[in-house]
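To start, the structure under review is shown below, and the notes come after it.
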Amino acid sequence: TMNQTLRLSTIVSDLLALSRIESAGLDFIRAPLDLRDVVTTSMQVLLPISEKKNILIESRVPDKPVEVQGDREALFQSVNNLLDNAIKYNSEKGTVTLYLYIDGENAVINVEDTGIGIEPMEQHRIFERFYRVDKARSRQLGGTGLGLSIVKHTALAHGGHLSVESIPGTGSTFQISIPLIK
């Protein structure tokens with residue numbers, strides 16, 4: 001069916017993105033960029049989806065540039081992935097808050113939601129390929145189970161990391177940390 005074809009093509013494009021990052025991590029276009037642009041663009045793109053679902057997106061972004069050496073497209077995709085998940089797995093009339101700040105020598109992006117949360121047992125597994133916490137729901141929402149894996153590898157390829165803190169039933173905070181330009 002059309003639906004299955006669409007799903008397959010999504011999986012294929014996610015897998016391609018992932019293998020590109022894993023094998024090369026190096027064919028990233030590295031250029032100085034201001035992460036404020038990346039997070040604001042991503043928020044604007046996902047606003048219609050959040051509004052449709054009655055989810056409020058808030059942001060806390062600094063007045064000064066937050067500059068990293070990175071691949072704009074890959075970082076945009078990563079923030080998009082986290083925001084998209086935060087909207088999808090949120091509770092009715094929930095909130096998503098996006099923080100961008102500088103912590104020592106790192107730029108930090110936090111995406112916080114008021115959603116279903118993730119069980120402690122599952123928290124370290126969610127970054128594995130194809131791992132889905134709520135299989136039925138995730139499939140129904142069109143997830144491939146590759147999104148977080150892509151975000152994780154993008155963060156690593158930028159010399160940073162991705163982590164999660166979550167309280168089941170209360171919400172989750174995903175954090176990307178990337179070194180600032182020295």
So Thr95 and Glu58, do their side chains get closer than 4.5 Å, heavy atoms only? yes

Once rounded to the nearest 0.5 Å, what's the spacing between atom CD1 of Ile116 and atom OG of Ser91? 9.5 Å

Do Pro32 and Gln69 touch side chain to side chain, with heavy atoms closer than 4.5 Å? yes

Could you check if a side-chain atom of Val96 sits within less than 4.5 angstrom of a side-chain atom of Glu112, using non-hydrogen atoms only? no

Residues Asn85, Val111; criterion side-chain contact (heavy atoms from CB on, under 4.5 Å); working and verdict: CA-CA 10 Å; Asn85 281 350; Val111 175; over 6 Å; no

Taking transitive links into account, so neighbours of neighbours count too, which hydrophobic residues share a cluster with Ile167 at under 4.5 Å side-chain distance? none

Can you tell me how far CG of Asp71 sits from CG of Leu33, rounded to the nearest 0.5 angstrom? 8.5 Å

Could you name each residue pair satisfying side chain to side chain donor-acceptor pair (under 3.5 Å) that touches residues 157-169, not counting sequence neighbours? Ser166-Ser172

Less than 4.5 Å apart, any side-chain heavy atom of Val39 and any of Phe76? no

Are Val68 and Leu156 in one and the same hydrophobic cluster, where Ile, Leu, Val, Met, Phe, Trp and Tyr link if side-chain heavy atoms are under 4.5 Å apart? no

Are Leu82 and Tyr99 in one and the same hydrophobic cluster, where Ile, Leu, Val, Met, Phe, Trp and Tyr link if side-chain heavy atoms are under 4.5 Å apart? no

Between Asn80 and Ser42, what is the shortest heavy-atom contact and its length? OD1-OG, 2.6 Å

Spell out, as yes or no, whether a donor-acceptor pair under 3.5 Å connects the side chain of Arg36 to the backbone of Asp63. yes

Value for CG (Asp113) from OG1 (Thr173), rounded to nearest 0.5 Å, stands at 7.0 Å

Donor-acceptor contacts under 3.5 Å from residues 175-182 side chains, at least two apart:
{"residue": "Gln175", "atom": "NE2", "partner": "Tyr101", "partner atom": "OH", "Å": "3.4"}
{"residue": "Gln175", "atom": "NE2", "partner": "Asn110", "partner atom": "OD1", "Å": "2.9"}
{"residue": "Lys182", "atom": "NZ", "partner": "Glu105", "partner atom": "OE1", "Å": "3.4"}

Do Met43 and Leu98 have side chains that get closer than 4.5 Å, going by heavy atoms? yes

Between OG1 on residue Thr154 and CD on residue Glu73, distance to nearest 0.5 Å: 10.5 Å

Just how far is it from atom CG of Leu46 to atom NZ of Lys53, taken to the nearest 0.5 Å? 11.5 Å

ILVMFWY cluster, Leu56 and Ile49 together (side-chain gap under 4.5 Å): no

I'd like to check Leu100 versus Val108 (side-chain heavy atoms, cut-off strictly below 4.5 Å). Are they in contact? no

Measuring from Ile109:CD1 to Ser78:OG, what's the distance to the nearest 0.5 Å? 8.0 Å

Checking the side chain of Asn90 only, and the main-chain atoms of Ala86 only, is there a donor and an acceptor separated by less than 3.5 Å? yes

